Chemist: 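My questions will all concern the structure given below.
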Amino acid sequence: MNSPVNTVILAAGMGTRLGMPHPKPLTPLADGRSIMRQQLDNLSVGLTNPLVTIVVGFHAEEVMAHAPEVRFVYNERYEHTNTSKSLLRALRLVPPGGVLWLNGDVVFDPRLLTRVAELVAEDRSFVCVNTEACGEEEVKYTASRDGLVEKLSKSVVDGLGEAVGINYIASTDRPTLVEHLEACTDTDYFERGIESAIETAGMPVLALDISEYFVVEVDFAGDLERANVEVGKTVTSAA
């Protein structure tokens, strides 16, 4: 039997920038599913035996009621912490092994999981990236000639593209990432923990280019419009 793939969805944040009255992962898409349900459906199709854990905080009971079939970890300090601490909470509690995780606001083409699954099977740490031009709000990256991430943050200058919010930490690298997430401030994004582990511990993290697939992190109304245009294509073709 194939071993379960530890999979974490970070859904503890308040998502105030989108201006919705409910948690951002529960935002409905053009096909009637929520962002979170689209993610769960994609994972169930694209991965063999995913073991899903959702980190909750803001309106935790509402999120939990939306996906009763999965496991949950509660970040009780969600109002005061960022994704570094939500991911840290998950990495401390999910079963041993590598961990695939994604932000709870990512809408994506399920076909990209074919690329992801190959590296998960190899148990190799990676950050999914694309080579689109990105603005101030996106997490940008630079990479070495052999394709390993060097810099990873919103403040990267002359970045090669955007980190899209889908990532994997190998079982052998997991203790190192935990250590560096522990050293992050409450307001740090998890990318700071990855960058620190790369810079000071030499942790190898592949920049996995998934530019051929649609991915958008829904932070603002324009992002939601982009997501719904793409989801709408699927609905139209299915009809």
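Values below: all heavy atoms of this structure, side chains included; hydrogens, waters and symmetry mates excluded. Bear in mind that the values here come from a model prediction, so they are computed numbers and not experimental data.
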Chemist: Within the distance-only criterion (no hydrogens, no angle test), does the side chain of D223 pair as donor or acceptor with the backbone N or O of F220 below 3.5 angstrom?
Modeler: yes

Chemist: Could you tell me whether a side-chain N or O of R37 sits under 3.5 Å from a main-chain N or O of H66, the two making a donor and an acceptor?
Modeler: yes

Chemist: Donor-acceptor pair, R115 side chain versus I210 backbone, under 3.5 Å?
Modeler: no

Chemist: Please find the pair of heavy atoms, one from A11 and one from M36, that lie closest to each other, and give the distance.
Modeler: CB-CE, 3.9 Å

Chemist: For R111, is there any backbone N or O sitting under 3.5 Å from a side-chain donor or acceptor partner on D109?
Modeler: yes

Chemist: Could you tell me whether a side-chain N or O of R174 sits under 3.5 Å from a main-chain N or O of G97, the two making a donor and an acceptor?
Modeler: yes

Chemist: V5 and T48: side chain to side chain contact (heavy atoms under 4.5 Å, CB included), yes or no, with the steps?
Modeler: CA-CA 7 Å; V5 178; T48 301; 5.9 Å; no

Chemist: Would you say that C184 contacts R192 through its side chain, given a criterion of any heavy-atom pair below 4.5 Å between the two side chains?
Modeler: yes

Chemist: Can you check side chain to side chain contact (heavy atoms under 4.5 Å, CB included) on F126 and V120, steps first, answer last?
Modeler: CA-CA 9 Å; F126 62 84; V120 169; 4.1 Å; yes

Chemist: Within the side chain of N130, is there an N or O that forms a donor-acceptor pair under 3.5 Å with the backbone of A163?
Modeler: no

Chemist: Are side-chain heavy atoms of E62 and L26 found at a separation under 4.5 Å?
Modeler: yes

Chemist: Are the side chains of L206 and V127 in touch, meaning some heavy atoms are under 4.5 Å apart?
Modeler: no

Chemist: Side chains of P175 and E179, heavy atoms from C-beta outward: is any pair under 4.5 Å?
Modeler: no

Chemist: To the nearest 0.5 Å, what is the distance between OG1 on T27 and CG on D105?
Modeler: 9.0 Å

Chemist: Considering the options R92, R89, K85, which one meets the salt bridge (charged side-chain N to carboxylate O under 4.0 Å, His left out) requirement together with E182?
Modeler: R92

Chemist: Kindly work out whether a path of hydrophobic side-chain contacts (I/L/V/M/F/W/Y, heavy atoms less than 4.5 Å apart) joins V229 to L29.
Modeler: no

Chemist: Identify whether the distance between the nearest side-chain nitrogen and carboxylate oxygen of K154 and E137 falls below 4.0 Å.
Modeler: yes

Chemist: Has D146 got more than 12 heavy atoms of other residues, nucleotides or ligands less than 6.0 Å from its CG?
Modeler: yes

Chemist: Take atom CD in E61; do more than 12 heavy atoms of anything else shown fall under 6.0 Å from it?
Modeler: no

Chemist: Under 4.5 Å between side-chain heavy atoms, hopping through other hydrophobics if needed: is there a path connecting V116 to F214?
Modeler: no

Chemist: Quick check for you: to the nearest 0.5 Å, what is the distance between S86 atom OG and F190 atom CZ?
Modeler: 10.5 Å

Chemist: Looking at every non-hydrogen atom in both residues, tell me the closest pair between H22 and F58 and how far apart they are.
Modeler: C-CE2, 4.3 Å

Chemist: Any non-hydrogen side-chain atom of N167 less than 4.5 Å from a side-chain atom of C128?
Modeler: no

Chemist: When rounded to the nearest 0.5 angstrom, what distance separates CG in N49 from CG in N6?
Modeler: 10.5 Å

Chemist: Does T81 reach the main-chain N or O of D186 with its side chain, forming a donor-acceptor pair under 3.5 Å?
Modeler: no

Chemist: Could you report the tightest heavy-atom contact between N82 and D188, atom names first, then the distance?
Modeler: CB-O, 3.1 Å

Chemist: In terms of side-chain geometry, is the basic nitrogen of K140 or E195 positioned less than 4.0 Å from the acidic oxygen of its partner?
Modeler: no

Chemist: So, do V107 and V231 sit near enough that their side-chain heavy atoms are less than 4.5 Å apart?
Modeler: yes

Chemist: Under the 3.5 angstrom rule, does the side chain of N42 hit a backbone N or O of F108 as a donor-acceptor pair?
Modeler: yes

Chemist: Is the side chain of T53 donor-acceptor paired with the backbone N or O of V8 at a distance under 3.5 Å, no angle test?
Modeler: no

Chemist: For L87 and V55, run side chain to side chain contact (heavy atoms under 4.5 Å, CB included): C-alpha distance rounded to whole Å, both residues' side-chain angles, the deciding distance at 0.1 Å, then the answer.
Modeler: CA-CA 8 Å; L87 179 59; V55 183; over 6 Å; no

Chemist: Out of curiosity, L113 CG to I166 CD1, how far, rounded to the nearest 0.5 Å?
Modeler: 6.5 Å

Chemist: Could you check if a side-chain atom of D123 sits within less than 4.5 angstrom of a side-chain atom of S171, using non-hydrogen atoms only?
Modeler: yes

Chemist: Please name the pair of heavy atoms, one in I35 and one in G104, separated by the smallest distance, quoted to 0.1 Å.
Modeler: CG2-O, 3.6 Å

Chemist: So, do D209 and T131 sit near enough that their side-chain heavy atoms are less than 4.5 Å apart?
Modeler: yes

Chemist: From the options T83, V73, I54, select the one residue that forms a side-chain contact (heavy atoms from CB on, under 4.5 Å) with L10.
Modeler: T83

Chemist: Atom CD of residue position E136 - does it have more than 12 heavy atoms of other residues, nucleotides or ligands inside 6.0 Å?
Modeler: no

Chemist: Let me check something: do I198 and L119 share a hydrophobic cluster, defined by ILVMFWY side-chain heavy atoms less than 4.5 Å apart, either directly or through other members?
Modeler: no

Chemist: Show the nearest heavy-atom pair for residues E217 and V164, with the distance to one decimal.
Modeler: CG-O, 3.4 Å

Chemist: I'd like to know whether V94 forms a side chain to side chain contact (heavy atoms under 4.5 Å, CB included) with V99, so could you lay out the CA-CA distance, the side-chain angles of the two residues, the decisive distance to 0.1 Å, and finally the verdict.
Modeler: CA-CA 8 Å; V94 300; V99 179; 3.9 Å; yes

Chemist: Do M203 and V178 share a hydrophobic cluster (ILVMFWY, side-chain heavy atoms under 4.5 Å, transitive)?
Modeler: yes

Chemist: Could you go through R124 and D173, starting from their C-alpha distance and side-chain angles, then the distance that decides it, and tell me whether this counts as salt bridge (Lys or Arg N to Asp or Glu O under 4.0 Å)?
Modeler: CA-CA 9 Å; R124 184 177 180 186; D173 296 330; over 6 Å; no

Chemist: Counting N and O atoms only, with roles assigned by atom type, does the side chain of Q39 sit under 3.5 Å from a partner on the main chain of N103, one being a donor and the other an acceptor?
Modeler: yes

Chemist: With rounding to the nearest 0.5 angstrom, report the CG to CG distance, L88 to L177.
Modeler: 8.5 Å

Chemist: So, taking the atom named CG in L148 and the one named OH in Y141, what distance separates them when rounded to the nearest 0.5 Å?
Modeler: 12.0 Å

Chemist: With clusters defined by side-chain heavy atoms of hydrophobic residues (ILVMFWY) lying less than 4.5 Å apart, directly or transitively, does V106 cluster with L208?
Modeler: yes

Chemist: Mind listing the closest non-hydrogen atom pair of L93 and R71 along with its distance?
Modeler: O-NH2, 4.5 Å

